[in-house]
Amino acid sequence: MTDGAAGGGAQERVAIVTGGARGIGAAIARRLAAQGRAVAVVDLDEASTAETVQAVRDAGGRATGIGADVSRTEDVEAAVARTADELGAPTILVNNAGILRDNLLFKMTDDDWDAVVAVHLRGAFLMSRAVQRHQVEAGWGRIVSLSSTSALGNRGQANYAAVKAGLQGFTKTLAIELGRYGVTANAIAPGFIATDMLRATAARMKVSYEDFLAGAAKEIPVARVGQPEDVAAAAAFFTSDEAAFVSGQVLYVAGGPKA
Ligand code: NAP
């Protein structure tokens, strides 16, 4: 399926994927490009985006890499302006950048709390506020934010669970405010997806990454852990032209039911 492909008369739409250098964000960037979107790959360090940008270009797509910290207003405004200059006005936004600062509540520091709130919640707010200007002007837009099954509560993740639940309320509010401008907002809540983020968790728990994955798979109804591409498929749907009547939803991509 190709939506808004370059050439062929169809309008090419421009997407921003934050945290697109690796993991889930890189898979989403590649998948959206395969759907004919031009993609700005935004990550903390511009150099780290090179691999994703090259993968898109090798597949015949248009991409640019931009270094920005999504929790900083100036960085966000500059990243969105640069996207508009280099690729065209962005009307698709995937709020994917994320960090973990896990700790049990009694050991969680102020910094652990503030850092997670800044990247996930403030980051999604700043990016969405900057991109909606272009979306409203175009009368079309898609915002997808990465929540998590941790939104339902997870030991050692009071900060992360709070922001991932917060992103669900944020998403539903954007859906209500922006719907009249042709803009939808949805959230994807992945379960256990094999990325560097969980490699770090395994290291912290002092188990090998392979044992960590095998242990997690035993608890998942489809009997495997998720891959970044599993999440990218959901992002492809939510950002497609044909998903225009689907808004304010939270889709659990977790290999089994969650509620
Ligand atoms: P990842 O492999 O750690 O990738 C996250 C990316 O975000 C990294 O490239 C990171 O850059 C970047 N980033 C961090 N802080 C940033 C900031 N302030 N500004 C811009 N970019 C920033 O993580 P992932 O597993 O792909 O996760 C992606 C998203 O899915 C996150 O929101 C995560 O919470 C969510 N999620 C993941 C899972 C899972 O099982 N993996 C499950 C549920 C939800 P650096 O490398 O430079 O730090």
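In each ligand, atom 1 is the first atom listed, and ligand 1 is the first ligand listed.
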Practice prompt. Report the member of V116, T149, L44 with the shortest heavy-atom distance to atom 47 (O) of ligand 1.
Written response: L44

Worksheet item: Which heavy atom of the protein is the closest neighbour of atom 25 (O) of ligand 1, given with residue, atom name and distance?
Response: T195 OG1, 2.5 Å

Item to complete: Flag the pair S147 / P190 as yes when at least one side-chain heavy-atom distance between them is below 4.5 Å, and no otherwise.
Response: no

Item to complete: State whether E51 and R30 are salt-bridged, where the test is any N-O pair (Lys NZ or Arg NE/NH1/NH2 against Asp/Glu carboxylate O) under 4.0 Å.
Response: no

Worksheet item: Which residue holds the protein heavy atom closest to atom 20 (C) of ligand 1, what is that atom called, and what is the gap in Å?
Response: A68 O, 3.3 Å

Practice prompt. Would you sort out whether D111 and T109 count as a side chain to side chain donor-acceptor pair (under 3.5 Å), showing the intermediate values?
Written response: CA-CA 5 Å; D111 283 350; T109 67; 5.3 Å; no

Worksheet item: Between R122 and T73, does any side-chain donor sit less than 3.5 Å from a side-chain acceptor?
Response: yes

Practice prompt. With heavy atoms only and a cut-off of under 4.0 Å, state how A118 meets ligand 1: side chain, backbone, both or neither.
Written response: neither

Worksheet item: Who's the nearest protein heavy-atom neighbour of atom 30 (O) of ligand 1, and how far?
Response: I24 CD1, 3.6 Å

Item to complete: Could you find the nearest protein heavy atom to atom 36 (N) of ligand 1 and give me its residue, atom name and distance?
Response: Y160 OH, 3.5 Å

Item to complete: Using non-hydrogen atoms of the residue, decide whether K164 is closer than 4.0 angstrom to ligand 1.
Response: yes

Item to complete: If you have a sec, work out which protein heavy atom is nearest atom 18 (N) of ligand 1 and how many Å separate them, to one decimal?
Response: D69 OD1, 2.9 Å

Worksheet item: With respect to L146, which candidate in I28, N95, V253 satisfies the side chain to side chain contact (heavy atoms under 4.5 Å, CB included) definition?
Response: I28

Discussion item. If the contact criterion is a heavy-atom separation under 4.0 Å, does S147 count as touching ligand 1?
Written reply: yes

Discussion item. Heavy atoms only, cut-off 4.0 Å: how does N96 contact ligand 1, side chain, backbone, both, or neither?
Written reply: both

Worksheet, complete the sentence: From the list W113, Y160, F125, ring pair (Phe, Tyr, Trp, His ring centres under 6.0 Å) partner of H120 resolves to Y160

Discussion item. Does any part of the side chain of V183, heavy atoms only, come nearer than 4.5 Å to the side chain of W140, both counted from C-beta?
Written reply: no

Practice prompt. Dump the intermediate steps for side chain to side chain contact (heavy atoms under 4.5 Å, CB included) on I24 and I193, then the final yes or no.
Written response: CA-CA 8 Å; I24 293 169; I193 310 295; 4.0 Å; yes

Response to the item:
The closest protein heavy-atom partner of atom 15 (N) of ligand 1 is I99 CG2, 3.6 Å

Worksheet entry | Electrostatic pair R101:D114 at N-O distance under 4.0 angstrom | no

Discussion item. Below a 4.0 angstrom heavy-atom separation, can you tell me which part of L198, side chain or backbone, both or neither, approaches ligand 1?
Written reply: side chain

Practice prompt. Tell me, please: is D43 in heavy-atom contact with ligand 1, that is, under 4.0 Å?
Written response: yes

Worksheet item: Hey, does L146 come in under 3.5 Å of ligand 1, counting only N/O atoms on both sides?
Response: no

Item to complete: For ligand 1, find out whether one of its N or O atoms is nearer than 3.5 Å to an N or O atom of G191.
Response: yes

Discussion item. Quick test of your reading of the structure: of A79, G20, G98, G19, whose heavy atom lies closest to atom 14 (C) of ligand 1?
Written reply: G98

Discussion item. I193 versus ligand 1: do any nitrogen or oxygen atoms come within less than 3.5 Å of each other?
Written reply: yes

Discussion item. Less than 4.5 Å apart, side chain to side chain, heavy atoms only: is that true for L32 and I92?
Written reply: yes

Worksheet item: What is the nearest protein non-hydrogen atom to atom 43 (C) of ligand 1, stated with its residue, atom name and distance?
Response: P190 O, 3.4 Å

Item to complete: Name the closest protein heavy atom to atom 48 (O) of ligand 1, giving the residue it belongs to and the distance to 0.1 Å.
Response: R22 NH2, 3.7 Å

Worksheet item: Would you say the side chain of L121 lies within less than 4.5 Å of the side chain of L167, judging by non-hydrogen atoms?
Response: yes

